[in-house]
Structure formats: structure tokens, C-alpha cells
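Just below is one structure, and these are the notes that go with it.
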Amino acid sequence: MAIREGEVQEFTLEQLKHLVSERALRGETVLLNVGPQHPSTHGVLRLLVELDGETIVSVVPDIGYLHTGIEKHCESKTYTKIIPLTDRIDYLSPMSNNLAYVMAVEKLMGVEVPLRAQYIRVILTELQRIASHLVWLGTHALDIAAMSVFLYCFRERELILDIFEMVSGQRMMVSYFRVGGLWRDVPEGFEEAVRAFLKLMPARINEYERLLKRNPLWLQRTKGVGVISPEDAIAWGVTGPSLRGSGVNYDVRKAQPYSSYDHFEFDVPLGENGDVYDRFMVRIEEMRQSLRIIDQALRRLPRGPYITPDRKVTPPPKEELAWSMEALIHHFKFWTEGFSPPPGEVYHAVESPRGEFGVYINSDGSPRPRRVHFRAPSFVNLQALPIMAKGGLVADLVAIIGSIDIVLGEIDR
Amino acid sequence: MSIQAVVEAIRARFAGALQEIIEFRGETTLVVRREDLVELCRFLRDDPVCRFHFLSDLCAVDYWPERPRFAVNYHLYSLSHNLRLRLKVFLEEEDPVVPSVTGIWPTANWHEREVYDLFGIRFEGHPDLRRILLPEDWEGHPLRRDHPLVVEPVQFSFNWREIDSQKPYVRE
């Protein structure tokens with residue numbers, strides 16, 4: 001099956017036989033195509049499901065419908081101009097992607113980030129985690145036919161998007177973090193807006209929980225469904241709430257703290273059974289922990305610069321250009337050529353709402369990277385779907401896809 | 001446990017397997033030979049000093065026009081010792097084949113398919129080596145550095161004659 005440049009890979013039935021069981025070839029089981037246009041696949045995911053009656057024999061995910069070549073594009077752009085591309089990877093958590101990318105470049109350049117910028121980054125990524133979990137909860141509940149939760153979740157998400165609009169001018173594709181700090185300092189009224197949100201949110205989270213936690217329909221659809229053991233979850237590289245639902249205590253924020261996460265107190269919620277219900281409870285509890293982190297960061301938010309004064313990675317302030325020749329040169333060099341990191345390679349991982357989001361950058365010493373690779377948590381987590389779904393009912397498939405919280409933009413990149 | 005202990009353990013077990021040890025920004029990269037890769041990975045996963053149960057990421061790099069041209073990176077993470085380690089295997093352009101590690105970490109399955117799809121590096125022993133992101137009838141491997149970023153320029157004309165004259169098939 002070797003293919004070379006200029007050749008087309010063609011398949012015969014013989015070469016695709018291994019995807020389904022022997023019984024399917026004899027016509028004893030049914031092959032069902034789900035997607036790519038199907039509302040419960042959360043994007044353009046296609047699944048080839050083999051069914052024995054209503055029981056799932058195997059699931060073969062087929063991805064790539066949303067492939068946009070982001071990694072290829074990165075190779076032709078300067079380090080600063082890649083930031084807007086990272087927003088579009090996981091479009092439900094652009095802040096986390098921005099953070100992972102700029103921190104990888106900072107590691108490559110050896111740049112120190114001011115404490116104020118680090119704290120604001122923590123506040124915004126935790127808000128992003130809540131916003132992302134709200135979308136997940138709303139759509140997940142909608143998939144299992146609980147309509148009202150969706151409306152409530154999107155109401156609260158709007159408040160977070162308003163805060164994002166306030167700081168960055170954008171609701172979703174924020175591109176707010178820069179190498180060395182932030183685009184701008186947070187505006188007046190930011191702290192009040194976040195405080196108001198902190199005050200409102202705990203009661204709202206309790207409300208979502210009360211709607212679902214003891215709802216008999218919800219329990220029947222989620223308890224004991226889509227179970228994955230801790231050993232399987234680790235072997236298949238599952239990260240984030242899907243891993244912690246199985247009881248494995250791995251959170252990048254705790255294991256390898258970045259952006260001063262070690263300054264804050266928070267717990268890592270864990271599940272026990274690794275089913276859909278436990279993943280649901282882990283995410284609900286994570287939202288509460290995020291509120292705790294935001295509260296602490298806001299109370300202790302230091303004063304000071306919001307971006308590093310290192311002129312190699314940040315452009316000088318506009319007013320300096322009027323009187324400083326050096327600033328003018330820096331400005332010109334930064335916006336035309338960009339900056340050149342030393343040759344080498346780094347990998348930096350952050351805990352995005354979906355799991356370990358890693359960025360690998362390989363620099364050849366020029367202003368453009370040789371290679372940027374994004375380790376997308378959804379891409380890896382989706383691989384475990386066949387393990388979770390095997391032996392379940394076809395109706396459970398929808399609940400399981402919802403519970404691993406995939407974003408197709410991130411899977412296909 | 002530290003990375004030093006891991007390196008010592010590998011040295012004691014596999015003589016000559018480590019071609020180079022690179023320290024950069026607090027990250028350790030071990031350049032290993034292709035022949036030792038699978039055995040070394042199994043050792044790294046199972047040995048009590050290492051216990052790298054978690055394959056975080058697998059990705060390839062194209063060093064074109066330098067030689068050797070390709071490298072495959074394995075980003076390992078040890079949950080019990082909280083360590084990260086990068087393995088690196090260099091491959092020649094004429095022979096872009098590397099043994100698959102799906103037998104050790106099943107999660108490598110899709111990662112290896114992605115690398116095969118976008119770089120054309122083949123993984124020996126992979127259970128299902130097909131394209132994953134691109135359509136089956138796609139020609140070439142786009143993440144290779146000599147693959148053009150733009151095949152057809154964006155056209156800002158409504159004149160079909162002009163548009164047609166810019167199409168790639170005219171040049172052929």
C-alpha cells in the first residue's frame with residue numbers, strides 16, 4: 001500500500017475489510033452511516049457503526065472533513081502572525097489555544113512574562129473553561145433531549161463573551177495574548193464585570209446541577225453508559241475531564257504548573273466509574289473550581305506592566321516612535337521581519353477545557369518556524385470512542401459523543 | 001526520579017542506542033536509532049525507573065533540504081514520576097520507514113496515520129495505515145517542505161478567459 005508523490009491511493013474491498021467484523025461481510029450485522037451532517041456529532045464527524053440489532057459491535061470514526069491546513073500555514077507566517085490561526089483550532093476555547101502557543105514561543109525565546117499578565121491570563125483562560133463547559137453542557141443535554149438546560153447555559157455564556165469583547169474587541173476569535181504578555185491591559189470595568197459574574201455564577205451552576213443530577217431520565221441515559229477503565233484511558237492517551245472521569249488524577253495545571261497556577265488553591269475533581277455521568281459531574285465541579293481560581297486571581301491581581309519590555313518580542317509603544325530612533329527601528333523590524341528564536345525545539349502543554357493541549361515548535365533560527373504541531377486533545381480523545389461505545393446501544397452513541405466533548409475544528413486542524 | 005536516572009537506565013540496558021542527548025530550555029531530547037526504537041519504547045513504558053505510560057504526542061518534522069531529511073518525535077510523559085521526555089528518530093528521504101509503536105501505546109494509531117498522511121512516512125506494523133485527514137485521492141504529502149503552499153493563485157477577475165489562463169492545467 002505504499003504511495004509516493006504523484007500517486008493516488010486506491011482501495012479495494014479487500015483492503016478495507018479489517019474495519020468491520022467477519023459477520024458484517026456475511027450480512028449478519030448492519031452497517032450504519034452516521035454523519036458527517038448529523039446534529040449530534042457536534043460538527044462534521046462521520047461514523048461507520050456496525051450494529052447487531054441495537055447493540056454496537058464496532059465504531060469507525062472518519063475525520064478530516066474540516067481539515068484547513070493550519071500547521072502548513074504556520075510555516076509561512078512569522079511567530080506573531082500565527083496567533084490568530086490558533087484561535088481557529090479549537091474555536092470554543094481560543095484563549096487556551098492562544099495561551100499554549102504564546103507560552104511555547106516564550107519558552108523558545110526565554111522570555112519572562114510580568115506577573116500581572118500571568119494573572120490576567122489565568123482569569124481569562126478559566127473564564128474560557130467555564131464558557132466552553134457551558135456550550136458542552138447545553139449541547140450534551142440537548143442531545144439527550146433536555147432542552148431547557150441549553151437555553152440557560154447559553155444565557156450565562158453570553159456574559160463571558162461580553163467580558164471577552166470588553167478586553168479584546170472580539171467575542172470568540174480573541175487573539176488577546178501576545179508573546180511576552182497581553183495585547184493591551186484590561187480596560188476599566190473589567191474587574192467589576194468579572195466580580196458580578198463570580199457573584200451570579202455559583203447559584204446558576206447549582207441550578208444546572210439540580211435540573212439534571214437527580215433527573216431519572218438523565219440518570220438512565222448516563223449512568224453506566226460509555227464506560228472506559230483508567231488503564232484503557234491512559235493507553236489511548238485520553239486527557240482532560242474524560243480521563244479524570246475514570247479517576248486518573250492528571251491535570252497539567254497541577255502536574256506541571258504554568259502561568260503561576262501554583263499560586264492558587266483548587267481541587268481536581270475525579271470520577272469513579274468512568275461513565276458518561278462521571279464525566280458530566282467532573283465538568284460541573286470543574287466550573288466551580290474555575291470560579292475559585294478566578295476569585296483568588298482577581299483578589300491578588302498585581303499592578304505593573306502587562307507585557308514584557310523586551311523589544312525583541314514586543315513592539316515599542318506608539319508614542320515612543322516620535323522621539324526615539326531606536327524604537328522606530330524596533331517597530332520596523334518587528335512588523336516587517338519578526339523576531340528570530342534560537343534554533344531548537346520546544347513542547348509546551350496547557351490544560352485546555354478538553355484536555356492536554358500541546359504545542360510543538362521547531363525553529364531553524366529564522367523568523368518563521370520550521371514546524372508547528374498542535375497536540376489536539378479532541379483528536380486523541382475521539383480515538384477512545386470505539387472503546388467506550390462497544391457493546392452499548394445505538395442511542396447511547398449520542399450520549400457518549402457528547403460526553404467526550406469533541407470540537408471538530410481541533411480534530412482536523 | 002529524574003531524567004538523569006532514566007538516561008542512565010537506558011545506557012545500562014541499551015549500549016550505543018543513544019546517538020545524542022540534547023538539552024534545550026529544560027527539555028531533554030534523546031536521539032535514538034531506528035532499530036532500537038520499539039524495544040526502547042517498551043522499556044521506557046515498563047521499567048519502574050521510567051514508567052512512561054503516556055504518549056502525549058507523536059509528530060514528524062521535515063528538515064528539507066538538510067539531511068537526514070525527516071525526524072519523528074515521540075513526546076512521552078510519565079504520570080507517576082511527572083517527567084517529560086522526547087525521543088527523536090532521524091530518517092533518510094529515500095527510506096522514510098519507521099517501526100510502529102501502536103503495540104506499546106494504542107494512542108499512536110491516529111498520530112501515525114496523520115504523519116503518514118501529511119509526510120508520507122510509513123510505519124511498519126501499523127494495523128490500519130490509511131490517510132486520515134486528507135481525501136484518499138489526494139496527491140502528495142502537504143506538510144513536506146517542498147510541497148507548495150499555494151497551488152493556484154487567488155484570482156480577482158470575473159473574466160473567465162483570464163481566469164482560465166491562470167489555471168494549473170494550462171501550464172501542463
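The contact between Leu149(B) and chain A is made by backbone and side chain atoms together, counting heavy-atom distances below 4.5 Å. Contacts of His53(B) with chain A are made by both backbone and side-chain atoms, with heavy-atom separations under 4.5 Å. Contacts of Val346(A) with chain B are made by both backbone and side-chain atoms, with heavy-atom separations under 4.5 Å. Contact annotation for Leu143(B): both backbone and side-chain heavy atoms come within less than 4.5 Å of a heavy atom of chain A.
With hydrogens and angles disregarded, a donor-acceptor distance shorter than 3.5 Å links the side chain of Arg371(A) to the backbone of Ala60(B). The backbone N or O of Arg375(A) lies less than 3.5 Å from no partner atom in the side chain of Asp57(B), so there is not a single donor-acceptor pair. Judged purely by atom type and a 3.5 angstrom limit, Lys72(A) has no side-chain atom pairing as donor or acceptor with the backbone of Arg145(B).
Inspection of non-hydrogen atoms places Tyr360(A), Asn362(A), Asp364(A) of residues 357-367 of chain A under 4.5 Å from chain B. Proximity to chain A among residues 34-44 of chain B is not found for any residue, judged by heavy-atom separations below 4.5 angstrom. Interface with chain B: from residues 226-239 of chain A, residues Ile234(A), Ala235(A), Trp236(A), Gly237(A), Val238(A), Thr239(A) qualify, criterion being any non-hydrogen pair under 4.5 Å. Among the residues in residues 20-27 of chain B, those with a non-hydrogen atom closer than 4.5 angstrom to a non-hydrogen atom of chain A are Phe24(B), Arg25(B), Glu27(B).
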If you apply the rule salt bridge (Lys or Arg N to Asp or Glu O under 4.0 Å), what do you find for Glu75(A) with Arg144(B), and how did you get there? CA-CA 11 Å; Glu75(A) 292 170 10; Arg144(B) 290 189 172 193; over 6 Å; no
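Classification of the His111(B)-Phe379(A) ring pair by plane angle, with boundaries at 30° and 60°, yields tilted.
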